[in-house]
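As the structure is a prediction and not an experimental result, all values here were calculated from the model.
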Amino acid sequence: QAQLVESGGGLVQAGGSLRLSCAASGRTFSMYTMGWFRQAQGKERDFVAAISSSGAITNYAEPVKGRFTISRDNAKNTVYLQMNSLKPEDTAVYFCAATSGTTRTVAVRQYGYWGQGTQVTVSS
């Protein structure tokens, strides 16, 4: 059974950093584009970043460009999201997801596999 498990969330002060991890199992996720999404309380789930199967191509949402970096280690079946210069508005539950689409795939409905999410809270 395909499974994605996020970790690394927590409470951090504004300006700080966190690194999220997403461990994949059960399928050959190295063949998939992997993405990160986030959902703030009471809001819709939004695209954050995506990385191609090889890791050569990335795509970022405007609010996180220059601050977040997505990467992957296919040997470890793990995807990462390095988050720097965090702001209170980055507070959300962060989800890892997989799609057979490209890094331009940003719609929630086009991602077929999801993790359970990890909470990130940024205090001001």
For the atom pair OH (Y32) and OG1 (T105), what is the distance rounded to the nearest 0.5 Å?
13.0 Å
If you apply the rule side-chain hydrogen bond (donor to acceptor under 3.5 Å, both in side chains), what do you find for S17 with N84, and how did you get there?
CA-CA 4 Å; S17 298; N84 298 329; 2.9 Å; yes
Would you compute the distance between atom CZ of F29 and atom SG of C96 and round it to the nearest 0.5 angstrom?
8.0 Å
Gap separating the OG atom of S7 from the OH atom of Y94, nearest 0.5 angstrom:
15.0 Å
Measure across P88 and A14 and return the closest heavy-atom pair with its distance rounded to 0.1 Å.
CD-CB, 4.1 Å
For the backbone of S53 and the side chain of N74, can you confirm whether one donor and one acceptor N or O come within less than 3.5 Å of each other?
yes
I'd like to check L81 versus V48 (side-chain heavy atoms, cut-off strictly below 4.5 Å). Are they in contact?
yes
Between T99 and Q110, is there a donor-acceptor pair closer than 3.5 Å when you use the side chain of the first and the backbone of the second?
yes
Side-chain contact, heavy-atom cut-off 4.5 Å: V122 with K87?
no
Throw together a table of side-chain donor-acceptor distances under 3.5 angstrom for residues 55-62, partners on residues two or more places apart or in other chains.
unit_1, atom_1, unit_2, atom_2, d
N59, ND2, T103, O, 2.9
Y60, OH, I70, N, 2.9
E62, OE2, K65, NZ, 2.8

Say you draw a straight line from OG of S21 to CZ of R72; how long is it, rounded to the nearest 0.5 Å?
13.5 Å
Return the minimal non-hydrogen interatomic distance between T91 and Q119, and the atom names on each side.
CG2-NE2, 4.0 Å
Hey, is the main chain of Q116 close enough, under 3.5 Å, to the side chain of E6 for a donor-acceptor pair?
yes
Examine distances only and state if a side-chain atom of Q13 and a backbone atom of S123 form a donor-acceptor pair shorter than 3.5 Å.
no
With clusters built from Ile, Leu, Val, Met, Phe, Trp and Tyr whose side-chain heavy atoms come within less than 4.5 Å, directly or transitively, what are the remaining members of the cluster of V106, listed by chain and number?
F37, F47, V93, F95, V108, Y111, W114
To the nearest 0.5 Å, what is the distance between OG1 on T118 and CG on L18?
9.0 Å
Compare every heavy atom of T33 with every heavy atom of A50, then report the nearest pair and how far apart it is.
CB-CG2, 4.2 Å
Do M34 and Y80 sit in the same hydrophobic cluster, where Ile, Leu, Val, Met, Phe, Trp and Tyr count as joined when their side-chain heavy atoms come under 4.5 Å apart?
no
Inter-residue atom distance R19.CZ - M83.CE, 0.5 Å rounding:
11.5 Å
Applying salt bridge (charged side-chain N to carboxylate O under 4.0 Å, His left out), which residue pairs with at least one partner in residues 38-53 are found, sequence neighbours left out?
R38-D90
